[in-house]
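Some notes on the structure that comes next.
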Amino acid sequence: MCGIIGVVALLGKTPYSPGVMVYRGLLRLEYRGYDSAGVASVVGGCVRVLKGKGRIADLERRIGLSSIEGLTVIGHTRWATHGTPSDNNAHPHIDCSGRIAVVHNGIIQNFRELKKMLIDKGHVFRSDTDTEVFPHLVEELYKNTNDLFKAFRKAVEMIDGSYALIMISSIEPDKIFFAKKDSPLIIGLGDGFNILASDIPALLEYTRRIITVRDGWLGYVTPTSIYVEDIRGGVVDWRKYVRVVEWSLEDATRGGYAHFMLKEIHEQPRALKDTYYGILHDIAVDETVKLMLDADKIYVTAAGTSFHASYYFSLLMNTLGKRLVTPFIASEYESYYLTASDRDLLIVVSQSGETMDALKALRAFKDRGVRVVAVSNVVDSAIPRESNIAIYTRAGPEIGVAATKTFTTQSLVLSWLAIAYAEASGSLRKSEADKLREWLGKSGEVVGKVISRSEPVAKRLAEWFRSIGNAYYLSRSIGVPVAMEGALKLKEIAYIHAEAYPAGESKHGPIALVEEEFPVVFTIPNREDLEKLLLGNIQEMKARGAVIIGVASENTSLSDQLDYQFKIPDTHWILTPITHIPPQQLLAYYTAVSKGYDPDKPRNLAKTVTVE
C-alpha cells in the first residue's frame, strides 16, 4: 500500500541523477501495488511536480517521470484510500503557494476538520485526498513561525492517524523533512547523498546502511547530515540505530520473508490499525446503517474467504442487532434474488471488488431495485462502482493467493457495521457499543501478540500435519465461520482435506470417520456459554482417539482437554475472527512449506476470480 522514496544529493555524488534514482526506486516498490504515481523536485528555486494515474512505465512514456531535474527529489506510488485513482489525487500534493510538496503513506484521520479549517482561511484544494491537508497546514503554520521545521513539526502534532510522510520545499531546497507513525519508513545513508523510502528494495541498489525510523520520530535529511527528534522534542542519536542490510534484492522485495503469504500474515497488525483509523469517521457507515434500518430484508453475499467474514457478520447481526441477515454464497444468487424487492438491502463483500460471482449477484439484485452496499479493499473497482455505497478495508495489496489480512480487516469492518446498527436500533446502549469499538481499536495490537505466540506452535504442529490426510475444524456459533476459514487455508495451500462444520453436528455423521490420531482443530471463542457446549464435543472426539488442537483464550476452562493449544490473549469474544484465525493461517502456511509447496502459488487457484 503506497510507496515512498526521496533522494537529496550533492552534485556528482550519485550513480544516476536523483530523478532516475527515484524512478528506479518506484519500480522497486511496484510490488506493493498502486494505481497512480508521481514525483516532485526542487529545481531553480521552484517545486516541480509530475504525476498521474496509471502504471509507472506508462507515466514514464507519457510525462517522463525519470527526467525530472534537481538534486532534491521525492516520489510516490499511490494505492487509493481517499478519493478515486486519478491524476489529481496522485501524489505529490502541494500547497497554495506551490513551494511545498508532500507524499504520504497512511491515513490522516482528522483531515475533514483540518480541511474545513484551512478552507475557511482561504486555502484552495485540488484533490479529494486526506494527504493534501498537510502541505496547506505547513503553509499556514509557516506564516506564523517563519521557520519551516517548526511549521512541519507543529503540523505533525496536529494530525491524527497513521503516516509516513516526506516533504520538500523551495524555502529550504537541500532538505527532505520526514515523520513516521505506524506506516513504514527507513533512511538510507550514502556518501554525499541520503535516501528516504518506505521499504528496503527502493534503496538497496545504492546503499545497505539503513536506519529504521521509529514511531514518533520526525526530522530531516540533507546530502551530508541527518537530524532526528522524537515527538516530545528530544534529539535522537540516530547513529545508534544504523544497521547493514545483507539481503538480496529478491529477498528484500518480500521484506525478508520467505513468502508473500508469511509477510502478509505478519502485516495484519498494521492492516487492522489502518482499517480501524479509516472507518472511524467514515460517513459511509452511517449511510449504510440508515439503509439497514429502513430495509425489509438484509442479505450479505461473497465468495470464498469473504463469505466466511460475511457469515460471521450475519451471526453478529443476530447476536448484537437482533436482526436476521441472510448470508449466501455469491454463485448461488439465483436461489435468492427472485424474492428480493426495492425495499431490501444487499451487502456485497469482495477483496478485489472484481469477483465475478459477486458482481453477477449484485447486478441481479439491482435489477430488482435492491439497494447495494460494497465492502471492498480496492477503491473504485467494479463492485464499489456499481453499488450505492462503498465501504473500504485498508489491508493494502495482497499478493499471496490465499487471503489472510483481507479476512481480518473485512471482519473488523463488518463487526463495526454490526455494532453501529445495534446501537442505532436500540439493541445496544451507547456505552456498550463504545466498549466493543474500543476492542476493535485494540485488534492490531492483540493480533501482533497472537502471531508472535503462535508461530512456534504452528511450526511444531506442521511437522505432524505434513503426514495427515484429513482434519476436522469445529466450533459453535460465531466460531463456525472462523473454523471454515481455517479449514479453507489448509485445503488451499497444503492440499489436505479439511472439513469444517458446527461441532454439534458431529454426532449426525462426521464422527464416524474419527479414529486414533485424527486431528481436530477447535476454534473456541472466549464465551463461557460456548466453552460449556464445546466441552462435550471435545470429549466425544477424544473418546475416539482424536488429537485435539485448540485455538482458545489463554484462560480457557478447556485447557486440560487440549493436546495442543494456540493461546490467544484474554480479549472480548467479538474479536474472535480477528484473533483466532492467524494461528490457523500459520499452521496452513508451515504445513505447506514442510511439504515442499509454494504457498504463494497454490495449484488451480487465482487471486482474483473474474470469471464464473
Side-chain angles (χ1 to χ4, degrees), residues 2 4 6 47 74 76 81-82 91-97 99-123 125 127 129-172 175-187 196 198 211-222 225-238 241 270 273-274 276-278 280-281 394 441 444-445:
C2 300
I4 285 174
V47 168
I74 59 176
H76 189 263
T81 56
H82 291 75
H91 294 213
H93 293 286
I94 60 173
D95 67 326
C96 296
S97 71
R99 295 188 299 173
I100 297 169
V102 171
V103 299
H104 165 227
N105 181 8
I107 298 166
I108 298 177
Q109 183 187 326
N110 58 336
F111 82 97
R112 290 186 181 85
E113 299 94 316
L114 293 172
K115 186 172 182 177
K116 181 178 184 308
M117 180 269 288
L118 290 162
I119 289 173
D120 289 345
K121 289 180 180 293
H123 291 260
F125 283 74
S127 79
T129 69
D130 53 338
T131 301
E132 197 187 344
V133 298
F134 197 83
H136 290 285
L137 193 55
V138 175
E139 178 190 20
E140 185 64 29
L141 294 166
Y142 181 72
K143 293 176 186 173
N144 302 324
T145 61
N146 206 33
D147 182 315
L148 194 56
F149 183 57
K150 283 184 179 177
F152 177 81
R153 183 171 55 202
K154 182 63 178 174
V156 170
E157 291 171 358
M158 292 175 67
I159 60 174
D160 296 329
S162 62
Y163 50 81
L165 54 85
I166 61 177
M167 181 186 90
I168 59 174
S169 173
S170 58
I171 300 168
E172 297 189 38
K175 290 179 180 174
I176 300 178
F177 300 86
F178 67 88
K180 190 259 184 199
K181 178 174 176 283
D182 290 334
S183 298
L185 189 65
I186 56 176
I187 302 171
L196 285 151
S198 52
I211 301 166
T212 301
V213 180
R214 270 54 170 180
D215 278 352
W217 283 8
L218 70 164
Y220 54 81
V221 298
T222 74
S225 67
I226 298 170
Y227 178 76
V228 184
E229 288 183 1
D230 60 34
I231 198 66
R232 295 178 299 277
V235 177
V236 174
D237 182 2
W238 55 266
Y241 298 91
R270 192 272 308 151
K273 287 180 183 176
D274 282 353
Y276 173 78
Y277 285 132
L280 204 51
H281 300 297
R394 287 167 172 82
E445 180 185 349

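The side chain to side chain contact (heavy atoms under 4.5 Å, CB included) check on E445 picks up K449, with sequence neighbours excluded. Judged as a side-chain hydrogen bond (donor to acceptor under 3.5 Å, both in side chains), and not counting sequence neighbours, D130 has no contacts. Remark: K121 engages no residue in a side-chain hydrogen bond (donor to acceptor under 3.5 Å, both in side chains) (not counting sequence neighbours). With sequence neighbours excluded, the residues forming a ring pair (Phe, Tyr, Trp, His ring centres under 6.0 Å) with F134 are F152, listed by chain and number. Considering only residues two or more places apart in sequence or on other chains, K175 meets the side-chain hydrogen bond (donor to acceptor under 3.5 Å, both in side chains) condition with E172. Residues passing the ring pair (Phe, Tyr, Trp, His ring centres under 6.0 Å) test with Y276 are W416, sequence neighbours excluded. Applying the ring pair (Phe, Tyr, Trp, His ring centres under 6.0 Å) criterion to Y241, with sequence neighbours excluded, gives W217. Every residue meeting the side chain to side chain contact (heavy atoms under 4.5 Å, CB included) condition with D120, not counting sequence neighbours, appears here in chain and number order: K116. Annotation: side-chain hydrogen bond (donor to acceptor under 3.5 Å, both in side chains) contacts of E113 (sequence neighbours excluded): none. Listed by chain and residue number, I107, D182, S183, D274, Y277 satisfy the side chain to side chain contact (heavy atoms under 4.5 Å, CB included) test with S162 (two or more places apart in sequence, or in another chain).
The nearest pair of heavy atoms linking I100 to V47 is N-CG2, 4.3 Å. Between T145 and A151, the shortest heavy-atom distance links the atoms OG1-CB, 3.9 Å. Considering every non-hydrogen atom in both S225 and T222, the closest pair reads OG-OG1, 2.6 Å. Closest approach of S127 and H93 over heavy atoms only: OG-CE1, 3.4 Å. Considering every non-hydrogen atom in both H136 and F125, the closest pair reads CD2-CE2, 3.6 Å. Pairing each heavy atom of H76 with each of C2, the nearest pair is NE2-CB, 3.8 Å.
Identified under the salt bridge (Lys or Arg N to Asp or Glu O under 4.0 Å) test for residues 159-171, with sequence neighbours left out: none. Each salt bridge (Lys or Arg N to Asp or Glu O under 4.0 Å) pair with one or both residues in residues 136-150, not counting sequence neighbours, appears once here: E140-K143.
Note that OH of Y163 is 13.0 Å distant from CG of N105, once rounded to the nearest 0.5 Å. Here the straight-line distance linking atom OG of S169 with atom OH of Y220 works out to 14.0 Å at 0.5 Å rounding. Note: I187 CD1 to K180 NZ = 11.5 Å, rounded to the nearest 0.5 Å. The structure places CD1 of I159 at 9.0 Å from NZ of K181, a figure rounded to the nearest 0.5 Å. Distance check, rounded to the nearest 0.5 Å: CZ of R270 to CZ of R394 gives 11.5 Å. A distance of 8.5 Å separates CG in L218 from OH in Y227, rounded to the nearest 0.5 Å.
With hydrogens and angles ignored, the 3.5 Å screen pairs no side-chain donor or acceptor of W238 with any backbone N or O of I211. N110 places no side-chain N or O within 3.5 Å of a backbone atom of L114 that could act as its donor or acceptor partner.
Using a 4.5 Å heavy-atom cutoff, the side chains of V138 and L148 are in contact. Put simply, the side chain of V156 reaches to within 4.5 Å of the side chain of I231, judged on heavy atoms. You'll find the side chain of T129 stays beyond 4.5 Å of the side chain of F111, heavy atoms only.
Applying the side chain to side chain contact (heavy atoms under 4.5 Å, CB included) test between M158 and each of L141, V133, I108 identifies L141 as the sole match.
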